[in-house]
Amino acid sequence: MKSHRKIKRAQSPLQLALRRFIKNKLALAGIIVLVLITLGAIFAPLLSEHDPTYGDLLKIEKVPSDEHILGTDGSGRDNFARLLYGARISLIVGFSAMLFTLIIGVVLGALAGYYGGKVDNLIMRLADLILAIPFLVLALTIIALLEKVTITIFVTVIAVTTWPSLTRIVRGTFLSLREQEFVLGARAIGASDLRIIFKHFIPNAIGPIIVNATLMMASMIIIESALSFIGMGIPQPTPTWGNMISEAQNIRILRNHPEAWIPPGLGILLTVLAINFIGDGLRDAFDPKSNRR
Amino acid sequence: MTSLTQNKLKKEKLLDVHHIKKYFPIKGGILKRTVAHLKAVDDVSFSVLKGETLGIVGESGSGKSTLGRVILRLLDPTEGEVYFNGDEISKLKQRQVRPYRRDMQMVFQDPFGSLNSKMSVAELIEEPLLVQTNLSKQERKEKAIEIMEKVGLRADDRLKYPHEFSGGQRQRISIARALIINPQLVICDEPVSALDVSIQAQVLNLMKDLQDEFSLTYLFIAHDLSVVKHISDRIAVMYLGRIVEIAPKKALYENALHPYTQGLLASIPIIDSDDTKLERKKIRITGDLPSPVNPPSGCPFRTRCPLAHDRCSVERPELKGPENDEHLVACHLYT
């Protein structure tokens, strides 16, 4: 049988979601912005020949010039180089903290939602405990107790303090899936617990997990900046956007050197906005019914 | 079912259910203590012979679906034993039940909820083989195509997803999934009640044909007598977690003993006038099913029974055969 029409291949629900996502203009803009920022972070050494941690004490707080496009900071470090390398730290911290939280959140949420009973009780009460303490207080206490804060430790602190919200979402999704007939069906054919979790639960819960993980990455970047701003984040001289704004906690710099703090502020704003647009786009793509407007 | 196979397999019990009870605890109060039990299945015994179809009929909430799930060990019974091919399976650990799942399969009611929407038809149908056998990818594919053609699906549809199919087609996928590992017993939990009437007949006929071809034994759960009439050899009527009457199909339709069964028969809409030859006892069931948490004392049906008398509220009637061992009824009218 020959037909001039192209035979349409069957599309999996995931492919359908991707299609809907690409049609979303705001989300696509978010992707483009995020890709540009990421490229800037990756190719930082090519875009600026300055060392972001090297301070030339003879060139403190210089105004922008050909050599230093955005001038220098209070220790004579090149602001443009710090902006680019700061993007690295922000993205690395945001992404790895999100990934770490995702692993803890999905594993604990899956255990709680799948097995229920005592396991569920134990995990959820632990989550309640962490949620009961204001995040900033908890994070600051842990950081204050540690002697030296490296990026790894910092990411761990964020992950350990933020997993409960994701765990709750995963658990809730799993609990509702547990009552579905197809899960009974999988048990009826003799599928193992692991198979049911990985083949039946996770693919059906992947939408909310991806959406929340994306949105979480945005808030992780904010957290990093905020902690760095109050001097409790990644210590100087490592360049981060929060550190750069922190340097501008001074009326003189604020007034006379807007080039020192507006770019990192804009960087945070654009990155977070872009990620949030992507997250919203993913939500609409995975669950077209939630499309209010 | 041809008479030839029936004779050959005569009297061999495939499934034997002894005094099965399934109580769901109801937790209440601050301490989450068990305050009451929902008696979904309350002391049910019956057996199913090889190659026959036992229809189980009852209203929603009568415990028929729970019974099916307890037999398959998707739920653990509170009390009682289930013998499958002579092996007691109700006390086994889940891991030990797994090999038995090759021989016992289930077709679920909701054709939209019973298939994982994230898996393609090929994945869905091949999953039992993947879980239960060591067949290679190619062998699984061949078997899947073979069974798809048997249940009336096109082999080209392998790569499609459930959302691209109608309810009837999905139910065919469910049937293919249940039959691909050659089970002996298939528990059908209202497999056609979510389908259009025209599709119902198609699916029922398909199931009958497949029964002959693969010499299957069916436990066929339904909520009205008109559907089971087509497919069953024997029929059990359940009310509030108990079997109130069990009989060969002919005896049940022509000479229903229990007032509840008579009421169910009277509620089947009559279209063809030939059917009216069967003399119908005019019994109308009114009201709703009482709560299985707090069932009536004595006979569970007495609150809705037009023939109830004093004894019914005091003494619980036993399932007995007033005339023969084949036709059992739990009603004081016959004792």
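Residue numbers start from 1 in every chain, and the chains themselves are labelled A, B, ... in the order their sequence lines are given, proteins ahead of strands. Note that the coordinates shown come from a computational prediction; the quantities given were computed from them, not determined experimentally. Side chains are part of it too, since the values below use all heavy atoms of this structure and drop only hydrogens, waters and symmetry mates.
With a 4.5 angstrom heavy-atom cutoff, Ile181(B) does not touch chain A via any of its atoms. With a 4.5 Å cut-off on non-hydrogen atoms, Gln94(B) touches chain A through its side chain but not through its backbone. Of the two parts of Arg73(B), only the backbone, made up of N, CA, C and O, holds a non-hydrogen atom closer than 4.5 Å to a non-hydrogen atom of chain A. For Gln132(B), the part lying near chain A is the side chain, with the backbone staying farther off; criterion is any non-hydrogen pair under 4.5 Å. Both the backbone and the side chain of Leu74(B) have a heavy atom closer than 4.5 Å to some heavy atom of chain A. Contact of Arg187(A) with chain B is made through backbone and side chain together, with heavy-atom distances under 4.5 Å. Both the backbone and the side chain of Ser117(B) come within contact range of chain A, each with at least one heavy atom under 4.5 Å from a heavy atom of that chain. Within the 4.5 angstrom heavy-atom criterion, only backbone atoms of Met104(B) (N, CA, C, O) approach chain A.
Each of Met119(B), His163(B), Lys118(B), Arg95(B) has some count of heavy-atom pairs under 4.5 Å with chain A, and the biggest count is that of Lys118(B). Interface summary for chain A: among Asn116(B), Asp110(B), Val131(B), the most heavy-atom pairs under 4.5 angstrom belong to Asn116(B). With chain B as partner, the option from Ala188(A), Ser192(A), Ala186(A) having the largest number of non-hydrogen pairs under 4.5 angstrom is Ala188(A). The choice from Gln180(A), Lys199(A), His200(A) that makes the most heavy-atom pairs within less than 4.5 Å of chain B is His200(A). Of the listed residues (Gln109(B), Gln105(B), Met106(B), Glu123(B)), the greatest number of heavy-atom pairs within a distance under 4.5 Å of chain A belongs to Gln105(B).
Inspection of the Asn121(A) and Arg125(A) side chains reveals an N or O donor paired with an N or O acceptor under 3.5 Å. Defined by atom type and a distance below 3.5 Å, a donor-acceptor pair is missing between the side-chain atoms of Ser166(B) and Gln169(B).
Between Tyr23(B) and His37(B), the ring planes are tilted. Angles from 30° to 60° get that label.
Counted within 6.0 Å of NZ on Lys21(B), heavy atoms from surrounding residues, nucleotides or ligands total more than 12; the atom is thus considered enclosed. Residue Phe198(A) qualifies as open at atom CZ: its count of foreign heavy atoms under 6.0 Å is 12 or below.
Note: Phe174(A) and Tyr114(A) fail the aromatic proximity criterion, with ring centroids not under 6.0 Å apart.
With Phe24(B) as the aromatic partner, Lys22(B) meets the cation-pi criteria of under 6.0 angstrom to the ring centre and within 45 degrees of the ring axis.
Interatomic distance, CG of Leu210(B) versus OG of Ser215(B), reported as 11.5 Å (0.5 Å rounding).
For the pair Met124(A)/Arg171(A), a side-chain contact is recorded, criterion being any heavy-atom separation below 4.5 Å from C-beta on.
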